[in-house]
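Proteins come first, then strands; the chains are lettered A, B, ... in the order of their sequence lines, and each starts at number 1. Quick note: numbers below take in every heavy atom, side chains included, and nothing from hydrogens, waters or symmetry partners.
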There are 4 protein chains.
Amino acid sequence: MFIEILPNSDTPIYTQLMYQIKIGILKKEWSYGDGLPSVRSLASELGINMHTVNKAYNLLADEGVLVKNQKGYFVSERAMMASNEHTKAAIQDKLKEILIDKQIFEVSEETFNGWLNEIEKELEGQGKADADI
Amino acid sequence: MFIEILPNSDTPIYTQLMYQIKIGILKKEWSYGDGLPSVRSLASELGINMHTVNKAYNLLADEGVLVKNQKGYFVSERAMMASNEHTKAAIQDKLKEILIDKQIFEVSEETFNGWLNEIEKELEGQGKADADI
Amino acid sequence: MFIEILPNSDTPIYTQLMYQIKIGILKKEWSYGDGLPSVRSLASELGINMHTVNKAYNLLADEGVLVKNQKGYFVSERAMMASNEHTKAAIQDKLKEILIDKQIFEVSEETFNGWLNEIEKELEGQGKADADI
Amino acid sequence: MFIEILPNSDTPIYTQLMYQIKIGILKKEWSYGDGLPSVRSLASELGINMHTVNKAYNLLADEGVLVKNQKGYFVSERAMMASNEHTKAAIQDKLKEILIDKQIFEVSEETFNGWLNEIEKELEGQGKADADI
DNA sequence: GTGGTCTAGACCACT
DNA sequence: GTGGTCTAGACCACG
């Protein structure tokens, strides 16, 4: 799994990391039960601080995406990632902001749907390939 | 135009304000050339800091949604709000995050489309009413 | 509110702090909506690190005991502190451990109930006094 | 005696093991003078580290629940398990934490007593059955 | 002045 | 060698 971090982005590093890991799971580069790199090794590999990785891992554990035990962090069962109310509300809020900007900046329905498809195709990645076998 | 600010919210006040103004424009409560309340008056009306209103107005001017002259801030022509590359990229980034979470938390296509429709209907709101006249 | 931290205890400082704040709320030394000391001021007052206070505040916010906004941390409404399943399970697990030790070490029913009453009386504190008025 | 270890748990394995052994004693599956499985055999049976079993046994010996001699670890007399001051204080501290959370999260007296009874019944378990013989 | 983020580095608990 | 805790100190976002 190649994780790319942009240190000068306005999204915090730990947030970037959370999404990169989620993408890795969606692309089936990690599966249920797989262990993630240790906090310290991933930190040194990415050239960032241990605590930043730790924060990302912990938030993912709070969301139910990862589980932790004394041995480290692991990908949890999909069933555990049930979206709670808080998560749902957050998604809806973000969606509302996007739709407002879509209308204000007059992004056409075609362009918007093009983006949707493009991103969904990108997220399938390896998973799609597997399905084709 | 009724602007509602939630002081206890994760989203910064200036961001809330930006979206509330955009909603006002979408609902046609303000049209091209209309002047916005002065920074000071809006700040006191909403009970928030003057600098916060100023920041929101300035960012909206950066986005091309408002224009500023010696008299104050005004709603710009829709054509001026053409999405520049930066804005487009921002929308796409947000969209990607949403779609990742949608898949990770297994939000069904139906539920997601339901949200989309619900929000779009909400955004029509007053605008729709006007059209009916 | 006097908060006492034992740096050499085996319970982490942030946990001690969480319980001390909860006690403060139970004793009505803080009420709904009251703001807590700033992360940095409480840290310096207690002679501990800012991040430790921050962790305690954040965990209390996760539990619903506090709410945070851009202005700081505040005591949330009692209704918001609804015990979720996770919290309940944690309490039950702890309770089971206590009852096991109670029986293993042959703590009599009388002694145990004495402890219960003693602690509950201690927790009433100022609240009881108010009720007496 | 069936000992169940949950490797994915917040409570350390050695702690889980300590309580499982205490439960075994309460349920009279081991009595005064009975020898416990050797450190190595129990470790391999449970699929955990030898040091972990050793730590649990040693702590139980510290608490007076087990005694150690050249032949191994044995259940000590009930009288030896008399709660020392340190143990008492530990129980009271835990109890205080529970009662704080009970009040903060508004667990009703009925619910709480329900939990108490449920757990005590569970701890009788096999012991109760023996008594019936 | 408030909290948020990030870094650097130390010591400890668990296995 | 794993994560957990704590400290110290810097820079940024928000109001």
Side-chain angles (χ1 to χ4, degrees), chain A residues 5 7-17 35-44 46-59 61 66-74, chain B residues 5 7 9-17 43 46-56 59, chain C residues 5 7-17 35-44 46-59 61 66-74, chain D residues 5 7 9-17 43 46-56 59:
Chain A
I5 295 297
N8 296 328
S9 160
D10 49 354
T11 31
I13 295 179
Y14 73 84
T15 307
Q16 295 181 46
L17 193 45
L36 276 84
S38 85
V39 169
R40 283 163 170 84
S41 70
L42 184 56
S44 87
L46 299 177
I48 61 178
N49 191 280
M50 178 202 95
H51 293 113
T52 309
V53 177
N54 195 40
K55 180 162 189 173
Y57 278 9
N58 264 303
L59 287 173
L66 301 182
V67 286
K68 67 174 154 183
N69 62 24
Q70 292 90 343
K71 300 264 188 64
Y73 289 84
F74 300 83
Chain B
I5 296 297
S9 162
D10 303 345
T11 28
I13 294 178
Y14 77 87
T15 307
Q16 294 181 47
L17 192 47
L46 298 177
I48 61 180
N49 194 295
M50 208 188 74
H51 300 318
T52 309
V53 177
N54 201 41
K55 179 165 189 173
L59 286 172
Chain C
I5 295 298
N8 297 327
S9 160
D10 49 355
T11 31
I13 294 178
Y14 73 85
T15 307
Q16 295 180 47
L17 193 44
L36 277 84
S38 84
V39 169
R40 283 162 170 85
S41 70
L42 183 55
S44 87
L46 298 177
I48 61 178
N49 191 280
M50 177 203 96
H51 293 112
T52 308
V53 177
N54 195 40
K55 180 163 190 174
Y57 278 10
N58 264 301
L59 287 173
L66 302 183
V67 287
K68 67 173 153 184
N69 62 25
Q70 290 91 340
K71 299 265 188 64
Y73 289 83
F74 301 82
Chain D
I5 296 297
S9 164
D10 303 346
T11 28
I13 295 179
Y14 77 86
T15 307
Q16 294 181 47
L17 191 46
L46 299 177
I48 61 179
N49 194 296
M50 208 188 75
H51 298 319
T52 309
V53 177
N54 200 43
K55 179 165 189 174
L59 286 172

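When each of C:Y73 and D:P12 is assigned the nucleotide of DNA chain E bearing its nearest heavy atom, the one mapping closer to the 5' terminus is C:Y73. Nearest-nucleotide positions on DNA chain E place A:G47 closer to the 5' end than the other of A:R40 and A:G47. Residue-to-nucleotide proximity on DNA chain F shows that, of B:I13 and C:T11, the 5′-proximal contact is made by C:T11.
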Dot-bracket pairing map - DNA chain F, Watson-Crick plus G-U, both contacts under 3.5 Å, | cross-strand | ||||||||||||||.
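Contact between A:A56 and A:Y14 at its shortest, heavy atoms only, is CB-O, 3.6 Å.
By the 4.5 Å heavy-atom criterion applied to side chains, A:Y73 and A:N58 are counted as neighbours. When side chains are defined from C-beta on, C:T52 does not count as touching C:L17, because their heavy atoms never get closer than 4.5 Å.
Put simply, CE on C:M50 and OG on C:S44 are 12.5 Å apart, with the number rounded to the nearest 0.5 Å. Interatomic distance, D:I5 CD1 to D:T11 OG1, rounded to the nearest 0.5 Å: 9.0 Å. Taking NZ from B:K55 and CD1 from B:I13, the interatomic distance works out to 11.5 Å, rounded to the nearest 0.5 Å.
Not counting sequence neighbours, B:T15 has no partner by the side-chain hydrogen bond (donor to acceptor under 3.5 Å, both in side chains) test. Taking the side-chain hydrogen bond (donor to acceptor under 3.5 Å, both in side chains) definition, one finds that C:N69 meets it with B:N8, sequence neighbours left out. Looking at residues two or more places apart in sequence or on another chain, you find a side-chain hydrogen bond (donor to acceptor under 3.5 Å, both in side chains) between C:S38 and C:S41.
Residues from residues 49-58 of chain C that place a heavy atom under 4.0 Å from any atom of DNA chain E, listed by number: C:M50, C:H51, C:N54.
Atom CG of D:N49 sits in a crowded spot, with more than 12 heavy atoms from other residues, nucleotides or ligands closer than 6.0 Å.
No contact: B:I48 has no heavy atom under 4.0 Å from any strand.
Here the range on DNA chain F touched by chain C, meaning any atom under 4.0 Å from one of its heavy atoms, is F:dT5 to F:dG15.
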